[in-house]
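Before any comments, here is the structure.
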Amino acid sequence: MKRRSLYILALALAGCIENDIPYPVVECAIESIEAEGLSGDPTIDASARKVILPLEETTDIQAVKITACTITERAEASKEIVGEHDLRSPLYVTLSIYQDYPWTIEAQQTIPRAFTVAGQIGSTVWDLANSTAKAYVGFEDLSHVEIMNLKLGPQGITHMSCTDVEDFNETNLYLLTDFTTSRRVDVTYHNRPEQWYLAVEYTDIKVSFTQVAPWTHSAWLYADGLSGTTLGFRYREEGAEEWIEVPQEEIVFDGGSFSTQIRGLLPETKYEAVAYSNDDLSTVETFTTEAALPLPNGGFEEWSKPGKIVYPYLSEQDAFWDSGNKGSAAVNETICEGSPDIRPGSEGQYSAHLVSKFASLMGIGKFAAGNIFIGAYYNTVGTDGQVNFGRPFATHPIALRGWMKYTQGQIDKIGKVPSGTNLTTDSMDEGSIYIALGTWTPEEYGGTEESPVQVFTKDLSTLFNKDGKDVLGYGELIFTESVGEWTQFTIPIDWRDKTTVPTHLIIVCSGSRWGDYFTGSSQSRMWLDDFELIYNDAEL
């Protein structure tokens with residue numbers, strides 16, 4: 001009886017025991033991928049868990065052949081990746097060992113299309129979703145229109161025909177002339193038919209601006225005019241008597257569309273511009289150039305320590321920069337602070353000193369890269385940090401200039417290995433500085449109105465994506481060796497969108513560029529001083 005009671009008690013105790021031993025976290029990733037018909041190397045974005053396959057225009061997007069794919073060792077995929085796929089829509093696949101990691105494989109394909117006619121004004125208007133194209137001309141008789149160029153599918157594999165024009169094809173464009181109504185052209189490639197509709201319309205506007213985008217010391221002008229005529233621009237400061245002619249060699253022509261960047265303008269100044277086509281003039285367009293906004297605390301002179309945490313600002317109300325000090329302070333570590341080691345000739349007293357460390361308490365912790373960034377540290381969750389990047393900034397600088405020193409250490413801490421790298425403890429750490437301007441919103445990126453882009457180091461999909469759709473301009477500098485003396489650097493900004501006004505500015509500086517993966521060297525150090533934004537080409 002006693003033995004039976006003990007047996008029942010043992011079963012009861014066993015039923016109360018929970019398996020609290022956590023599974024190890026193993027990040028699963030697509031490490032390499034190959035496919036037929038690519039126009040370049042695939043892009044693997046580990047932070048977004050996304051693969052982009054750039055397709056040649058002649059590749060059948062409905063039958064893309066993925067020939068090889070390497071994923072994290074021991075990981076399993078929810079579906080077969082190698083094989084033939086219709087990539088008009090993304091291919092979604094989940095990789096798993098202990099946790100699930102959803103990945104997306106997308107195809108990007110551009111098929112250059114053309115429809116131009118003699119006497120065309122401006123660019124052709126394309127509606128790819130509805131397979132229509134419309135050209136505008138300056139004459140009213142649309143029964144004898146000469147097609148100059150027509151391409152509605154991939155080069156070399158597309159056949160065109162028109163049911164009511166005998167013998168019309170890609171080599172006999174002159175047979176299709178009557179555009180008193182829109183004309184249907186039957187297009188076939190990859191053995192699939194499409195129906196396109198071409199239209200020509202009369203307009204009495206011979207030349208007009210399509211867009212004017214002022215920067216600080218320049219402005220981008222875009223206009224439509226009559227192809228085959230002399231097209232150009234003139235401009236002047238408002239109130240001036242003489243117009244300044246834009247040299248023809250500084251204008252880009254595309255049929256009846258033309259554009260230029262006029263330079264040497266003054267900030268916050270009103271200008272007038274006109275476009276012309278022979279003797280026809282557009283209406284006068286008036287614009288005001290942007291201000292040359294300074295970079296707040298670019299000299300890193302403002303520091304405070306109200307408690308045990310060092311801040312790169314005097315008060316939260318005036319804060320522009322921040323660092324990871326709030327996170328590392330939990331284990332009494334500081335990874336960013338002011339230093340009296342300043343660059344030669346500086347009028348200030350301090351530089352920013354970034355120190356990479358293994359921040360731990362009783363041996364429990366993670367690697368923390370020395371860093372300083374524009375934005376605000378938001379929260380610490382366990383040993384992971386949430387930071388919000390960005391501050392409001394609505395202007396177009398063309399470069400970031402500053403001074404730096406860097407001590408490069410050998411990697412001694414590896415948390416995760418970023419996809420596309422083969423980092424080991426034999427690898428050297430690298431430092432980085434990047435600048436980005438864009439139109440991010442807190443609704444989409446999780447931050448605040450002030451600092452909209454939230455990065456949570458526990459979730460790699462939130463890491464900043466330099467190729468993201470809301471990045472208008474970007475530049476970076478990677479340090480692959482030590483720089484022992486104060487050295488000036490300039491990072492040009494590549495503006496991918498020249499006409500949209502940015503809403504926010506992001507600058508991130510790190511002594512260990514893979515710090516978001518908790519990987520780097522506890523010996524890496526970076527000093528930064530006298531950052532400034534450049535707006536004038538003459539200063540480069």
Tell me, yes or no, whether the heavy-atom count around [X] atom [atom1], taken from other residues, nucleotides or ligands under 6.0 Å, exceeds 12.
{"X": "D41", "atom1": "CG", "answer": "no"}
{"X": "Q349", "atom1": "CD", "answer": "no"}
{"X": "D100", "atom1": "CG", "answer": "yes"}
{"X": "Y350", "atom1": "OH", "answer": "no"}
{"X": "E241", "atom1": "CD", "answer": "no"}
{"X": "Q248", "atom1": "CD", "answer": "yes"}
{"X": "E443", "atom1": "CD", "answer": "yes"}

Which value, rounded to the nearest 0.5 Å, describes the distance between [X] atom [atom1] and [Y] atom [atom2]?
{"X": "M428", "Y": "Q410", "atom1": "CE", "atom2": "CD", "answer": "6.0 Å"}
{"X": "L477", "Y": "I435", "atom1": "CG", "atom2": "CD1", "answer": "12.0 Å"}
{"X": "I411", "Y": "S521", "atom1": "CD1", "atom2": "OG", "answer": "7.5 Å"}
{"X": "F367", "Y": "K413", "atom1": "CZ", "atom2": "NZ", "answer": "9.5 Å"}
{"X": "L221", "Y": "S259", "atom1": "CG", "atom2": "OG", "answer": "9.0 Å"}
{"X": "F233", "Y": "E250", "atom1": "CZ", "atom2": "CD", "answer": "12.0 Å"}

Looking at residues at least two apart in the chain, or sitting in another chain, which of them share a side chain to side chain contact (heavy atoms under 4.5 Å, CB included) with E31?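 Scan of E31 (side chain to side chain contact (heavy atoms under 4.5 Å, CB included), adjacent residues dropped) gives T70, T72.
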
Please name all residues satisfying side chain to side chain contact (heavy atoms under 4.5 Å, CB included) with S346, sequence neighbours left out, ordered by chain then number.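 Per chain and number, S346 pairs via side chain to side chain contact (heavy atoms under 4.5 Å, CB included) with I342, R343, D529, D530.
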
- Query: Cation-pi between K326 and Y377: NZ/CZ under 6.0 Å from ring centre and within 45° of the ring axis?
  - Reply: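 Here K326 fails the 6.0 Å and 45° test against Y377.
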
Out of S510, S524, S356, which one pairs with D429 under the side chain to side chain donor-acceptor pair (under 3.5 Å) rule?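 One option only clears the test, and that one is S524.
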
What are the two closest heavy atoms between [X] and [Y], and how far apart are they?
{"X": "A275", "Y": "F258", "answer": "CB-CZ, 4.0 Å"}
{"X": "E476", "Y": "I491", "answer": "N-CG2, 3.4 Å"}
{"X": "R496", "Y": "D467", "answer": "NH1-CA, 3.8 Å"}
{"X": "G375", "Y": "D322", "answer": "O-CB, 3.4 Å"}
{"X": "N388", "Y": "Q454", "answer": "OD1-NE2, 2.9 Å"}
{"X": "P442", "Y": "E449", "answer": "CG-OE2, 3.5 Å"}

Does a side chain donor of either [X] or [Y] reach within less than 3.5 Å of an acceptor in the other side chain?
{"X": "T490", "Y": "R401", "answer": "yes"}
{"X": "Q261", "Y": "R263", "answer": "yes"}
{"X": "S323", "Y": "N325", "answer": "yes"}

#### Entry: Validation row, ring centre F531 to ring centre F489 under 6.0 Å
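Yes, they do, as the ring centres are separated by less than 6.0 Å.
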
T260 and F253: CA distance, side-chain angles, deciding distance, side chain to side chain contact (heavy atoms under 4.5 Å, CB included) verdict: CA-CA 9 Å; T260 192; F253 300 96; over 6 Å; no

Only counting residues at least two apart or in another chain, list the ones meeting salt bridge (charged side-chain N to carboxylate O under 4.0 Å, His left out) with [X].
{"X": "K469", "result": "E444"}
{"X": "K50", "result": "E106"}
{"X": "D318", "result": "none"}

*Apply the test side chain to side chain contact (heavy atoms under 4.5 Å, CB included) to residues L266 and E268: give CA-CA distance (whole Å), side-chain angles for both, the deciding distance (0.1 Å), then the verdict.*
CA-CA 7 Å; L266 299 174; E268 299 181 274; over 6 Å; no

Under the ring pair (Phe, Tyr, Trp, His ring centres under 6.0 Å) test, which residues partner [X], sequence neighbours left out?
{"X": "Y101", "result": "none"}
{"X": "W215", "result": "W220, H396, W495"}
{"X": "Y474", "result": "Y434"}
{"X": "F389", "result": "F373"}

Does H85 form a side chain to side chain contact (heavy atoms under 4.5 Å, CB included) with L91? I'd like the steps, not just the answer.
CA-CA 8 Å; H85 301 277; L91 173 65; 3.9 Å; yes

- Task: With sequence neighbours excluded, give me every ring pair (Phe, Tyr, Trp, His ring centres under 6.0 Å) pair touching residues 397-431.
- Result: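 Listed once each, the pairs are Y406-F479.
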
>> Closer than 3.5 angstrom, by distance alone: can the side chain of T487 be matched with the main-chain N or O of E485 as a donor-acceptor pair?
In response: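 Yes, the answer is positive, given that a donor and an acceptor are paired below the 3.5 Å cut-off.
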
message = Given 3.5 Å as the limit, does a donor-acceptor pair link the side chain of W321 with the main chain of P296, or not?
response =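 Indeed, once roles are kept as given, a pair shorter than 3.5 Å links the two residues.
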
key: Any I433 side-chain heavy atom under 4.5 Å of V508 side chain   =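 Answer no - side chains too far apart.
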
- Query: Given side chains that start at C-beta, do those of I30 and I105 come closer than 4.5 Å, heavy atoms only?
  - Reply: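 Yes, at least one pair of side-chain atoms sits under 4.5 Å.
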
Suppose the criterion is salt bridge (charged side-chain N to carboxylate O under 4.0 Å, His left out): which pairs have a residue in residues 345-358, not counting sequence neighbours?
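The answer is E333-K357.
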
Ion pair present between K366 and D384, side-chain N to carboxylate O less than 4.0 angstrom?
->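 Salt bridge: yes.
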
- Item | Electrostatic pair R391-E450, nearest N-O below 4.0 angstrom |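 Result for this pair is yes, salt bridge flagged.
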
Which residue pairs pass the side chain to side chain donor-acceptor pair (under 3.5 Å) test with at least one member in residues 292-311, sequence neighbours excluded?
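Passing the test, one end in residues 292-311: no pairs.
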
